[in-house]
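For reference, the structure is listed below as C-alpha cells.
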Amino acid sequence: MVLSSQNTIAGEATAEKTLLVVDGHSLAFRAYFALPAENFTTSSGFATNAVWGFANMLTRVILDNKPTHVAVAFDVKGGTFRNELLPQYKGTRDAAPEDLLPQIPVIQDMLRALGVTYIEKPGFEGDDVIGTLASMGERSGFRTLVLSGDRDAFQLIDDSITVLYPGHHFKDLRHMTPQSVVDKYKVTPQQYPDLAALRGETADNIPGVPGVGDGFAAKWLNLYGSLDGIIEHAEEIKGKKGEALRENIEQVKLNRRVNALVRDLDLGVDIGELVLSPPNITALDNLFTKLEFGPRTKSRVLKAFPDGFEDESLKAATDDTVEDDFEDPLVDVLDGSTDVESSVRAWVDEHIATGADRQDADPFWVLHAEGTTRYGVSTLKSLTLLAPDNHAVVLEGDWPSLVSDVVAALAAAHADGLAMHGYKEQSHLLSAAGIEVPLPWFDTQLAGYLVESDFHPDSLDAAAEHFLDLHVEEEETSSQGELSLDLDDDSDDGDATAAKIPAHHAACVAALVRHLRPMTLDRKQDDIMRRIELPVSRVLAGMESVGAAVDEGRLIGMRDRFATEARDAQEQAWQAAGRRINLQSPKQLQAVLFDDMQLRGTRKTKTGGYTTDAAALQEMVVRNVGNERATTFLVALLRHRETNKLKQIVQSLLDEVNHDDGRIHTTFEQTVAATGRLSSAAPNLQNIPNRNAAGREIRSAFVPGEGFVSLLSCDYSQVELRIMAHCSGDESLIEAFRSGADFHRYVASLVYEVPMDEITGDQRSHVKAMSYGLAYGLSTYGLAQQLKISPAEADVLKEKYFATFGKVHDYLEGLVAEAKDKGYTETMFGRRRYFPGLRSTNRRVRDAAERGALNAPIQGSAADIMKLAMIKADAELREHNMRSRIILQIHDELVLEVAPGESEQVTVLIRDAMEHAVDLDVPLDVSTGIGDDWQLAAH
DNA sequence: ACGGCTACGTA
DNA sequence: CGTACGTAGCCGTA
C-alpha cells in the first residue's frame with residue numbers, strides 16, 4: 001500500500017535549490033563491483049575500491065548537478081520491519097563480499113570529512129530514509145535528485161524528484177523522470193511498486209510470480225489500473241500466467257508491503273542542516289593518506305566541494321604534490337629550417353648544463369620513441385628527448401634520422417641516467433632511423449613487470465594509469481581532452497601542440513621512473529633488471545629483428561593438405577550425424593552427441609553442458625564400440641579437430657610471413673608471463689606442434705635463410721627437476737642426476753625398489769608423470785586421471801615417491817609456507833611474484849594460489865637460467881665474431897641459424913653457455929641436434 | 001564490436 | 001581436482 005501520497009509543491013521558481021539524496025549502500029555495492037579490487041588495495045591488503053568509486057561517483061554527480069544540499073542514507077545492521085514480513089528479505093545480500101563491508105565505515109568517515117551529512121535509522125532501511133528525505137525536499141520546494149541503484153526508488157519519481165540510476169557501466173547515470181519510467185516499463189512511477197511486486201526482485205531475494213516479467217506485469221496494470229485492480233480481477237486472467245498469479249497472490253501482496261517506502265520518518269534533522277559545507281581538509285588528508293589515494297584523487301574530489309580550492313595555501317600544497325608526481329614538460333621548439341643536427345646538439349648541451357638544477361637524487365634523461373612495428377619492420381613517428389629540467393624536444397618527420405649522432409652521443413654520455421619504457425621496442429623504432437641505443441639505466445616497462453609481475457599493461461598509458469594513480473579510463477580521456485583544448489588555443493604553434501602528446505608520454509615515463517625506482521630497489525629487483533632483463537632485452541631485440549626463415553611453398557602445401565583432410569573428415573562427420581552442423585560449435589556438437597545420439601556425457605564444462613574435448617570424445621569412442629554411427633561420427637570429429645587445428649596453425653604462420661625477407665618475425669613478450677618466462681606472439685612460435693608426426697611436420701618448414709646452412713637446436717633436459725634437486729638438497733635426487741643414467745628409469749628403480757633393468761614401461765612412465773607433476777602441485781586425483789589408474793594407486797605412488805625423495809617434499813611444502821609468510825615467492829635469483837590469493841578465504845582460490853606459489857619459483861628459476869644462458873651465448877657469439885645467431889627460444893630450447901663453417905664451433909659454444917649459465921649442485925644437461933630444418937635438427 | 005567460453009597447441 | 005602461455009571460433013551481449 002502507498003503510505004503517503006504527496007502533493008507536489010515544487011515549481012519552476014524554486015528549482016534553484018537542489019537536494020541530492022544518495023543511497024549509500026547501493027552506491028557502495030555498485031562501486032565495489034564496477035572496480036577491480038586488486039587495483040585498489042592498500043599495501044596492507046585493505047580493499048578500497050568501493051571507497052574510491054563512491055568518492056568519484058559522488059564527486060561527479062555533485063559537479064554535474066550542483067546540488068546545494070546533500071545527504072547520504074545508509075542501512076543499519078539488524079533487521080527491519082521488512083524482515084519480519086519476509087524473513088528471506090535481502091538474504092542474498094549477506095553474501096556480500098567480505099572486503100566490501102569494512103569499506104562502509106570508511107566511506108562514512110570520508111563523508112564526515114567532506115562535510116556531507118549521512119543518516120542511519122535503526123529499524124528502517126536507507127530506502128525509507130531516502131523516501132523521507134525526498135518528501136522533505138519536495139515540501140520545502142527543492143528539486144530533488146535521488147542517486148540509487150535500487151529500483152524501489154522509482155516509486156518516488158515525480159515532476160520534482162528525479163532518480164539517478166547507474167546503467168550497465170557504473171559511470172553512466174540515467175536520469176529517471178516520470179516519462180522515462182513510462183518509456184521503460186510502460187507504467188507510471190506510482191504503479192512501479194505494483195509492477196515490482198508482481199515481477200519480484202532477484203537482488204533482494206524477493207520471488208515474484210513465476211513466468212511474469214516486466215512485460216506481463218505492465219500489461220495487467222494497464223488493464224486494471226493497479227495491483228488492487230488486478231487482484232479483484234485475478235479470476236479473469238487466463239492461461240498459465242493467470243494461474244501462477246492466483247497461486248502467488250499472497251506473496252505479491254507481501255511484496256507490495258515490503259517494497260513500499262516509508263516517507264514520513266522522524267530523522268531528527270532539518271533540511272537546512274544538509275547544506276553543502278566546506279570539507280575538513282586535514283581529516284580528508286589523513287584519511288586519503290591511510291587509503292593510499294594519490295594527490296590527483298584528492299584534488300579531483302575537492303573540486304566538487306565549496307571552497308575546495310579557495311584556500312590559497314591548500315591550493316599550493318595540493319598542486320605541489322601533484323607536480324611532484326607528474327608535470328607535463330615544457331616543449332622547446334627548435335627551428336628546423338637550418339641545421340637540425342647542430343640545433344639539437346646545442347639544445348642538448350644547454351640542458352645538460354641545467355640538468356643539475358633538479359633536485360632528483362638521480363637526474364635522468366628520458367628517450368621516448370613512438371611508432372609502429374609489424375612483420376619486423378619499424379616506422380618511427382616521433383622521438384622525444386626529455387631533459388632532467390623537464391624541458392623536452394620532440395623530433396618528427398625526417399628529423400630523427402638527421403640527429404642520430406646527437407642521440408647516440410647523448411645516450412653514451414648519459415648511459416648512467418637514461419630512462420625509457422621498453423628498451424626492446426624502443427630499439428626497434430630507433431633502429432628505423434639508424435640510431436643504435438645502448439641499454440638504458442632504467443626501463444620503466446621492465447621495472448613495472450619486476451615489481452608486479454601479475455599485472456601487464458599493454459601500453460605506456462596503461463602503465464601510467466596503473467602505477468601513477470591516474471586511475472580508470474576517465475583519466476586518459478581527460479588528459480587527452482586537455483591536450484586537444486590546447487590545440488585549439490594556440491594555433492600559431494602547430495609543431496609544439498602536436499608535440500604535446502609524445503612529450504606528455506615522455507613525462508609519463510619520467511613519472512614512472514620516480515615511482516618505480518624506489519619500488520624496484522625496495523623489492524630488490526634491481527639486480528634482476530640489470531643482470532637479466534635488460535641484457536636479455538637486447539638479445540631478444542636481435543632475434544625479433546632477424547626473424548626465422550620459412551619455406552613458404554612448403555607451408556602452403558601443408559596448409560592445403562590439412563585443409564583437404566579436414567574437409568574430408570567434416571564430410572564423414574556430417575554423413576554420420578545426418579545433418580551439416582558446424583563442427584566448431586560445441587553447442588551444436590552437444591546437440592548431436594547428447595540429444596540426437598543419446599550418448600552419455602563425461603565431464604561438465606563450467607557453463608553446465610557436457611564437454612566435447614578430445615579426451616571426452618576418446619572416452620566416448622571406447623564406451624560405444626558397436627554403435628557404428630556414433631563411432632564413425634566421433635572418429636571423424638576427432639580427425640577434423642586435429643587436422644583443422646594444424647591447418648589453422650600453418651595458416652597463422654603464413655599470415656605472418658614478411659614477403660621481403662621470407663621470414664617470420666615473432667614478438668617475444670618479456671613482460672607478460674608472471675613467472676618470468678617469455679611468451680611469443682604474432683605468431684606464437686612457442687607452440688609449434690612437436691608431440692606427433694603430423695604436427696611435427698610443420699617444423700620442417702623452418703629452414704636456414706640465405707647465407708646460412710643449417711639450424712641448430714639445443715635443449716635442456718629436465719631443468720625444472722634439476723632445479724628441485726639443487727634447491728631441495730635431496731641427496732637421492734642429486735645422485736640420480738649425477739649418475740648420468742636414464743633419469744626416469746633410475747628414479748623408478750629407487751621408488752619401486754627393483755633393479756633398473758627390471759623396471760617396466762608402465763613403472764617408468766608413471767614415475768615420469770609423477771616427477772613432472774611435482775612442480776605443478778599435482779593432486780593424487782589429477783595424477784590418477786592422467787595415468788588412468790585409481791586414486792588409491794596414485795596415492796600409493798605418491799607416498800612411495802616422497803618416501804624416496806623426502807627433502808623434495810619438504811622443499812615444496814616450504815615454498816608454500818614461505819610464500820604464505822612473506823606474501824611472495826622468489827626464484828633462485830630473487831625474481832619475485834606476489835600471491836595475494838594465499839590469504840583468500842575461498843578454498844578454490846587459495847588452493848590455486850598455493851599451486852602457483854609452488855610452481856612459480858621452479859618455473860621462474862628455469863626461465864632465469866635460460867635467460868642467463870641466452871645472454872652468455874649471445875655475448876660469446878659476438879666475441880668470437882661468429883655469424884651464427886639465435887633465432888628462437890622455446891622455454892628450454894634455443895634454435896640457432898648456423899653460418900657456413902661454424903657448425904662444430906657454434907654447437908660447442910652454445911652447449912657450453914647453456915650448461916654453465918649457472919653453477920648448481922647437479923649438472924645441467926643439454927642435448928643438441930643440427931639439420932637442414934627445425935624438424936631434422938631434433939634429437 | 002567486444003568479452004567470455006571452449007578447445008587445443010607448446011614447455 | 002597441475003603450472004605458464006597465445007590463438008581461433010562461437011555465441012551472447014552491446
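Order of the sequence lines sets the chain letters (A, B, ...), proteins ahead of strands, with each chain counted from 1. Here the structure is a predicted model, which means the values were calculated and not measured.
A:L888 has its CG atom 16 Å from the P atom of B:dT10, to the nearest Å. In this structure, A:L778 atom CG and C:dC1 atom C1' are separated by 9 Å, rounded to whole Å. As rounded to whole Å, 16 Å separates atom C1' of B:dG9 from atom NZ of A:K647. Taking atom CG on A:L589 and atom C1' on B:dA7, their separation rounds to 11 Å, with Å as the unit. Between the P atom of B:dC5 and the CG atom of A:D613 lies a distance of 17 Å, rounded to the nearest Å. Taking atom CD of A:Q859 as the reference point, atom P of C:dC5 lies 7 Å away to the nearest angstrom. As rounded to whole Å, 17 Å separates atom P of C:dT7 from atom CG of A:L646.
The residue A:D847 sits apart from the nucleic acid: no heavy atom pair falls under 4.0 Å. Among the atoms of the strands shown, only primed sugar atoms or phosphate atoms (P, OP1, OP2) are found under 4.0 Å from some heavy atom of A:Q584. Residue A:R851 is in sugar-phosphate contact alone, with no base atom involved, counting any heavy-atom pair closer than 4.0 Å across all strands shown.
Between A:Y781 and A:R833, the residue anchored closer to the 5' end of DNA chain C is A:Y781, taking for each the nucleotide with the nearest heavy atom.
Regarding contacts with the backbone of C:dC5, every side-chain N or O of A:S680 stays at 4.0 angstrom or more from both OP1 and OP2.
Classification of the A:Y834-A:Y824 ring pair by plane angle, with boundaries at 30° and 60°, yields tilted.
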